[in-house]
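Notes follow the structure.
In this chain, residues are counted from 1 in sequence order. These numbers come from the heavy atoms of this one structure, side chains and all, not from hydrogens, waters or symmetry mates.
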Amino acid sequence: MSRSSHDARPLPGRLRAHLDVVVVVLALACTDLIAHYTVAWAGVFTVPLAVAALVALMRRRGIGWAELGLGRRHWRRGARYALVAAGLVIAAAAIGVALPITRPFFLNNRYATVSGALPASLVLIPLQTVIPEEFAFRGVLHGALDRAYGVRGVFAAGSLLFGLWHVASSMGLTSGNRGLSAILGGGLFGQISGILLAVAATGAAGFVFTWLRRRSGSLLAPIALHWSLNGAGAVAAALAWHVALH
């Protein structure tokens, strides 16, 4: 949809589109705070349930399945992009673990063993992180932003908000990664630098996820790339620890 078509939308329709964006952003912000700053188990259920509710709400607001990246006619194209994106990341991770110069950046304390990394990669990360986040950002938020601001708003605001979404989860990132702590240090400066780095990195990743979403027309492609970065990354961390300790 061109920019001019957005400008030609009647004022009540444009206000409705902007209101949808506000509702989605506020809902995601509250969800993030609840998931990270309340009881320990809140993160297990809060994000998936909130995203499911947002999908239902946006459907009632008139956003179609195709606008959410769930249209059937794009599944095959999305699957092709998904296979290529995941394959490239897995290959890059394998090379990174194999090379001594890059291996320290994979030494994440959270995934120190293969037995711990595999369940996280195949179950926890897809169900608690990747799928809910993609439905939220490349699905619901993408559809709302596109109606309100067009393609530029989708890329700019969507990427920025995805980066900010990771502020809470990046607390302690530097101290938990040997490669980053060696460069940034483990004090307050290192912690703040780690958060800023995480926001920049995830914002850039959000831009790529959005490009894949628009290029393929489907959520399958960004879901695959997102999983390969997180899920395959967890297995790569465990393998890096195995190599480093042996």
Looking only at heavy atoms, what is the nearest atom pair of [X] and [Y], with distance?
{"X": "Gly78", "Y": "Ser218", "result": "CA-CB, 3.8 Å"}
{"X": "Leu145", "Y": "Gly158", "result": "CD1-N, 3.7 Å"}
{"X": "Ala224", "Y": "Ala86", "result": "O-CB, 4.1 Å"}
{"X": "Val47", "Y": "Pro132", "result": "CG1-CB, 3.7 Å"}

Rounded to the nearest 0.5 Å, what separation is found between the [atom1] atom of [X] and the [atom2] atom of [Y]?
{"X": "Phe45", "Y": "Gln128", "atom1": "CZ", "atom2": "CD", "result": "8.5 Å"}
{"X": "Ile125", "Y": "Ile131", "atom1": "CD1", "atom2": "CD1", "result": "12.0 Å"}
{"X": "Leu68", "Y": "Leu141", "atom1": "CG", "atom2": "CG", "result": "11.0 Å"}
{"X": "His226", "Y": "Leu219", "atom1": "NE2", "atom2": "CG", "result": "12.5 Å"}
{"X": "Ile63", "Y": "Arg147", "atom1": "CD1", "atom2": "CZ", "result": "5.0 Å"}
{"X": "Leu220", "Y": "Arg76", "atom1": "CG", "atom2": "CZ", "result": "12.5 Å"}

### Task
Start with the C-alpha distance between Met58 and Glu67, add both sets of side-chain angles, then the distance that settles side chain to side chain contact (heavy atoms under 4.5 Å, CB included), and finish with yes or no.
CA-CA 10 Å; Met58 290 300 107; Glu67 292 179 278; over 6 Å; no
Under 4.5 Å between any side-chain heavy atoms of [X] and [Y], yes or no?
{"X": "Arg213", "Y": "Glu134", "value": "no"}
{"X": "Arg214", "Y": "His142", "value": "yes"}
{"X": "Ser228", "Y": "Leu225", "value": "yes"}
{"X": "Leu239", "Y": "Phe106", "value": "no"}
{"X": "Leu15", "Y": "Leu19", "value": "no"}
{"X": "Val21", "Y": "Val24", "value": "no"}
{"X": "Arg77", "Y": "Arg215", "value": "yes"}
{"X": "Leu28", "Y": "Leu54", "value": "yes"}

Please check if the side chain of [X] supplies one atom and the backbone of [Y] the other of a donor-acceptor pair under 3.5 Å.
{"X": "Ser159", "Y": "Ala156", "result": "no"}
{"X": "His242", "Y": "Ala238", "result": "no"}
{"X": "Arg103", "Y": "Ala98", "result": "yes"}
{"X": "Trp241", "Y": "Asn108", "result": "yes"}

Can I get a per-line list of side-chain donor-acceptor pairs under 3.5 Å for residues 161-168, giving both atom names and the distance, sequence neighbours left out?
residue : atom : partner : partner atom : Å
Trp165  : NE1  : Glu133  : OE2          : 2.8
His166  : ND1  : Phe162  : O            : 2.8

Is it true that [X] and [Y] fall in one hydrophobic cluster, defined by side-chain heavy atoms closer than 4.5 Å?
{"X": "Leu26", "Y": "Leu49", "value": "no"}
{"X": "Ile223", "Y": "Leu124", "value": "no"}
{"X": "Leu160", "Y": "Leu33", "value": "yes"}
{"X": "Trp227", "Y": "Leu88", "value": "no"}
{"X": "Val39", "Y": "Val44", "value": "yes"}

### Message
Suppose we screen for salt bridge (charged side-chain N to carboxylate O under 4.0 Å, His left out). Which residues come up paired with Asp32, at least two apart in sequence or across chains?
### Response
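Counting only residues at least two positions away or on another chain, Asp32 forms no salt bridge (charged side-chain N to carboxylate O under 4.0 Å, His left out).
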### Query
Between Phe209 and Phe137, is the ring centre distance below 6.0 Å?
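That pair fails the under 6.0 Å test.
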### Message
Check whether Trp75 forms a cation-pi arrangement with Arg80 (NZ or CZ under 6.0 Å from the six-membered ring centre, at most 45° off the ring normal).
### Response
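Relative to the ring axis of Trp75, which defines the angle, Arg80 lies outside at least one limit.
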Might you confirm whether atom [atom1] of [X] has over 12 heavy atoms from other residues, nucleotides or ligands at distances under 6.0 Å?
{"X": "Phe155", "atom1": "CZ", "value": "yes"}
{"X": "Leu245", "atom1": "CG", "value": "yes"}
{"X": "His36", "atom1": "NE2", "value": "yes"}

